[in-house]
There are 2 protein chains.
Amino acid sequence: MGRKVSGKPTLSTVAKVTGVSIPTVSQVLRGTGRISEETRAKVLDAARQLHYVPNQRAAAMRSGENREIGVVINQLLNPFNAEVVSGVVDLLEDHGYLVSIVDTRDDADRQDRQLQAFIRHGRGGLLWVPAFDTPESTFDLLATHGIPTVTFLRHVQRKLDHVGIRNAEATALATTHLADLGHRRIAYLGGTDMTFVRKERIAGYESVISGRGLEPPLVWDSLDNKLAGLEAMIALLDEAPDLTAVVCNGDMVALGACLALAKLGIRPGREVSVVGFDDIQDAAVATPPLTTLSVSPRKIGRKLARTLLDRIEDPDMPPTVSELSAELLIRETTGPMIPRVPAKQDGA
Amino acid sequence: MGRKVSGKPTLSTVAKVTGVSIPTVSQVLRGTGRISEETRAKVLDAARQLHYVPNQRAAAMRSGENREIGVVINQLLNPFNAEVVSGVVDLLEDHGYLVSIVDTRDDADRQDRQLQAFIRHGRGGLLWVPAFDTPESTFDLLATHGIPTVTFLRHVQRKLDHVGIRNAEATALATTHLADLGHRRIAYLGGTDMTFVRKERIAGYESVISGRGLEPPLVWDSLDNKLAGLEAMIALLDEAPDLTAVVCNGDMVALGACLALAKLGIRPGREVSVVGFDDIQDAAVATPPLTTLSVSPRKIGRKLARTLLDRIEDPDMPPTVSELSAELLIRETTGPMIPRVPAKQDGA
DNA sequence: AGAGTTTGCCTAAACGTTTTATCGCGCAGG
DNA sequence: CCTGCGCGATAAAACGTTTAGGCAAACTCT
C-alpha cells in the first residue's frame, strides 16, 4: 500500500483508499446522489484522514459554478471604502463566497490589468468603483464577458447595476443647514477632477446657494487627505477672507480644513463652520467633533452584496439603481454665523 | 459560419476560426514551440477579433503554475496595514501575479475559513498576519498543503518565513529618548492581549526602564483605535497622576491619548510626552505633530513580496527571518520633563 | 414467480488548457 | 535512391472535478 504517498490528496486518492469510484466520493462529499450509510461513513473517514481539500478550480471548471467574487476599489486607504468592503464581506462570506479585493489607486491602466486578471481567473461577480478616467473600452470588456457587475459610489454607466448615495440631496441638506444658521458665504471644498460624485455633490450645494439667494458659489480643489485639505483650506481663506462656512467633499478634507483653521487661530464651529462627508471613525473623536453627512458604509456594503447576489441569480434583469440617503450629523464644527473681520493672517 | 456564436471564446473557438489545431493556438499565444510566421499572424488576429481571454483556471490546472497569491491580514482598516499591502501589490503585480486580499478582523474562525477557501481555490502563495489566537491546527493546515507562506508583523511560528520589525529595539529607542529628556515615570499604553508584537515592544520598554533605574514599569491596555486610546489615557492618568511620558503601542492609540490630554487641558509634548508607533499619515499632520517610531510600510511590503517570490522559487530553503529597524521621528509630542503637580481633574 | 421499481454504485464524457510524442514533409548528404 | 534531419503542425493524454446515463442487485407488488 502507499503507492503515491506524496502530492496533495485528490478525489482519486480518497477513492483508492476507500475502494469506491471517484464519482461516489464526489457525491458523498457534496451530499448529492444516493449513497448508502456505510459507504458514506467510509468515505468521510478517509477524506478526513487524508486531509482532503477539494480543488475548487477543477470543480468550477466542470460545473461552471463560481463562488469567487472580486472587489475592485479605487482607494483602499480611505477608511470609508474599507468599511464598505467590510459590509460586503460580511454578507458574501455567509453565502459561501470568497471575496478578494484589489486596489486600483484610481489608475485606469492598472484597473484594466486587474479586471483582465479577474476575468482570466474566473471571478463570478464584481463589485466595482470605476477609476477616474475609466475608458469606454473597459466597460466593453466586462460586457463581452458577461460578468455580473455592480458599480458603487461612482455612477458611470447605466447599463450596470449601481448602489450609491443621494449626493445632491446630501450636500443640499448640509448647505441648507448652514444657510439656516445664517451663513451667506459658503464654499465647497475638496475633490479634484470633475468626477460624477463630485459633480452631483456640487450640484446639490449650488441648488441651495441659488435657491436661497446666497453669495455666489465658490468651489475649491483638494486631494482627498488631511494634509491636502489643510493646505487647500489655507489657500481658500486667502482667496475669500470673508468666508464663514465650508461644505467638504469628504471627512478627510474636512478634518484637514479644521486643522488649518486651528493653525490660523480660527475656531471651527465658531468663526468658520465646516461640514464633512462620510462620517469616518475619526470624525466623532476629532476636536471639535465634526459635523458631517453620514451614510452607514456597512449598510452600503450589505446593499451591494445583496444586489450582486440578485444579479447573479437572474442575469437578465434590467439594471437596478439604489441610492441611499445621507443623514446630517450635527456635531460641533457648525454654529451660528458670526460676521468675520477679514483679519490679516500670517503663516503658522 | 457562426456555429456557436454565444458563449465565451476558448482555444477551440480560435482554432476553428483559424483552421489550425488547438495546441497550435496555445503555442502561439504563449510564444512557445515552433510556429511559422504565417500561422502566428493568423492566430493572433483571430484571437484579438474574438476577444479571446485565456481561462487561467484550466491553464493552472494542467500546468500546475499558479500566479495568484493571497494576502490574509488582521485589520484592513488600519492604515499601516493598508500601506504595507500597497507595497506588496506594487511588486507582485509587476511579476505578473494577481494579489487578492482578505480581512480576518482578528477572528481565528473566520481566518480558518478564509485560509481553507484560499487552499481550495488554489492560491500559489500567502502573505499572512496571523490572527490573535490562531490555533496550532491552522499552521498544520498550511503545512499539509505546502503553500509557500510568509508571515509578517506577528512572528508566531519559526517554521515559516517572516518579515517584521525590531520591536524591542524600537521601543527601547523611544524609551531612551524619553529618559534622556529627564522623564522618570513612563508608562506603556496600548494593545490588549499579550500578542507577540506587544510582548516584544514591552520588553524593549522595560529593558530601558530597569537599565536606567526609572520608576517601575506601568502597562495599560487599550484597543487599537483613537477612541479607545482616548479613554484609556484618561483612565491611566487617573491611576498614575504623576506620569510624565507615555510610549504607545500604535499611532492610533497615541493620537487618542493626545486628544485625551487636550481634553484635560494638558499639552502633549509639554506636561506629558507621547510617542507613537507606525508613523501613519495622520501622525505628521496631527496637532501637535506626533513623535513616533517609523518603519516604512511600503518597504516592508516590498520586502515581503520579495521574500515570497524567493520562497516560491525555492520551496526547500530553510525559513528566513528579516527584521527591519524602526527610526524615531522626533516631532512635537515629546519634550523635556516638567514635574507635574497631580491636579484634581474633573470630566470634560 | 415474474414484472416493475427502487437502491447503490459505476463507467464514460466533459470542462479548457498544456505537454509529450508523433507524424508528414521537403531537403541535404551519402 | 535511400537515410537522416529539421521544421511545422497535430493527436492524444492529462490535470481534478461534475454530470448523465446505465446496470446489476435488492426490494415491492400482483
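To find a chain, count down the sequence lines: A is the first, B the second, and so on, and within it residues start at 1.
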- Would you please name every residue forming a side chain to side chain contact (heavy atoms under 4.5 Å, CB included) with A:S296, sequence neighbours left out? A:R298, A:K299

- Query: Who pairs with A:Y97 by side-chain hydrogen bond (donor to acceptor under 3.5 Å, both in side chains), at least two apart in sequence or on another chain?
  - Reply: A:R67

- Query: Distance check: side-chain N/O of A:S26 vs OP1/OP2 of D:dT18, anything under 4.0 Å?
  - Reply: yes

- In whole Å, what is the span from the CZ atom of A:R67 to the P atom of D:dT17? 18 Å

- Message: Holding to side chain to side chain contact (heavy atoms under 4.5 Å, CB included), I want the full list of residues that pass it with B:D314, two or more places apart in sequence or in another chain.
- Response: B:D316, B:M317

- Message: Working to the nearest 0.5 angstrom, can you tell me the gap between B:L127 CG and B:T307 OG1?
- Response: 8.5 Å

- Message: Below the 4.0 Å mark, does D:dT17 have OP1 or OP2 next to a side-chain nitrogen or oxygen of A:R57?
- Response: no

- Task: Rounded off to whole Å, could you give me the NZ-to-P distance for the B:K8 and C:dC15 pair?
- Result: 14 Å

- Item | Pairing residues for A:H145 by the side-chain hydrogen bond (donor to acceptor under 3.5 Å, both in side chains) criterion, not counting sequence neighbours | none

- Message: Tell me the bend of the helix from C:dA1-D:dT30 to C:dG30-D:dC1 as the angle between end helix axes, each from five pairs, rounded to the nearest 10 degrees.
- Response: 60°

- Item | D:dT17 OP1/OP2 closer than 4.0 Å to side-chain N/O of A:Y52 | yes

- Query: Are any of the side-chain nitrogens in A:R105 or B:E93 under 4.0 Å away from the carboxylate oxygens of its partner?
  - Reply: no

- B:L11 CG to C:dC15 P, in whole Å, measures 13 Å

- Task: Take the protein atom CE of A:M61 and the nucleotide atom C1' of C:dT18, then report the distance between them rounded to whole Å.
- Result: 11 Å

For residues 29-48 of chain A, dump all side-chain donor-acceptor pairs below 3.5 Å to protein atoms at least two apart in sequence or in another chain.
| unit_1 | atom_1 | unit_2 | atom_2 | d |
| --- | --- | --- | --- | --- |
| A:S36 | OG | A:T39 | N | 3.3 |
| A:S36 | OG | A:T39 | OG1 | 2.4 |

Polar atom pairs (N or O), protein with nucleotides 9-14 of chain C, under 3.5 Å:
| unit_1 | atom_1 | unit_2 | atom_2 | d |
| --- | --- | --- | --- | --- |
| C:dC9 | OP1 | A:S36 | OG | 3.0 |
| C:dC9 | OP1 | A:T39 | OG1 | 2.4 |
| C:dC9 | OP2 | A:S36 | N | 2.7 |
| C:dC9 | OP2 | A:S36 | OG | 3.3 |
| C:dC9 | OP2 | A:T39 | OG1 | 2.9 |
| C:dC10 | OP1 | A:S21 | N | 3.2 |
| C:dC10 | OP2 | A:S21 | N | 2.8 |
| C:dC10 | OP2 | A:S21 | OG | 2.7 |
| C:dC10 | OP2 | A:T24 | OG1 | 2.5 |
| C:dA14 | N3 | A:R62 | NH1 | 3.0 |

- Item | All side chain to side chain contact (heavy atoms under 4.5 Å, CB included) counterparts of A:P319, not counting sequence neighbours | A:D161

Return the polar atom pairs (N/O with N/O) between nucleotides 23-29 of chain D and the protein under 3.5 Å, or none.
none

- If a pair satisfies salt bridge (Lys or Arg N to Asp or Glu O under 4.0 Å) and one of its residues is in residues 131-140 of chain B, list it, with sequence neighbours excluded. none

- Rounded to whole Å, CD1 of B:I119 lies from P of D:dT17 at a distance of 14 Å

- Item | Non-neighbouring partners of A:R302 that pass side-chain hydrogen bond (donor to acceptor under 3.5 Å, both in side chains), sequence neighbours left out | none

- State which residues pass side-chain hydrogen bond (donor to acceptor under 3.5 Å, both in side chains) with B:D103; sequence neighbours excluded, sorted by chain then number. none

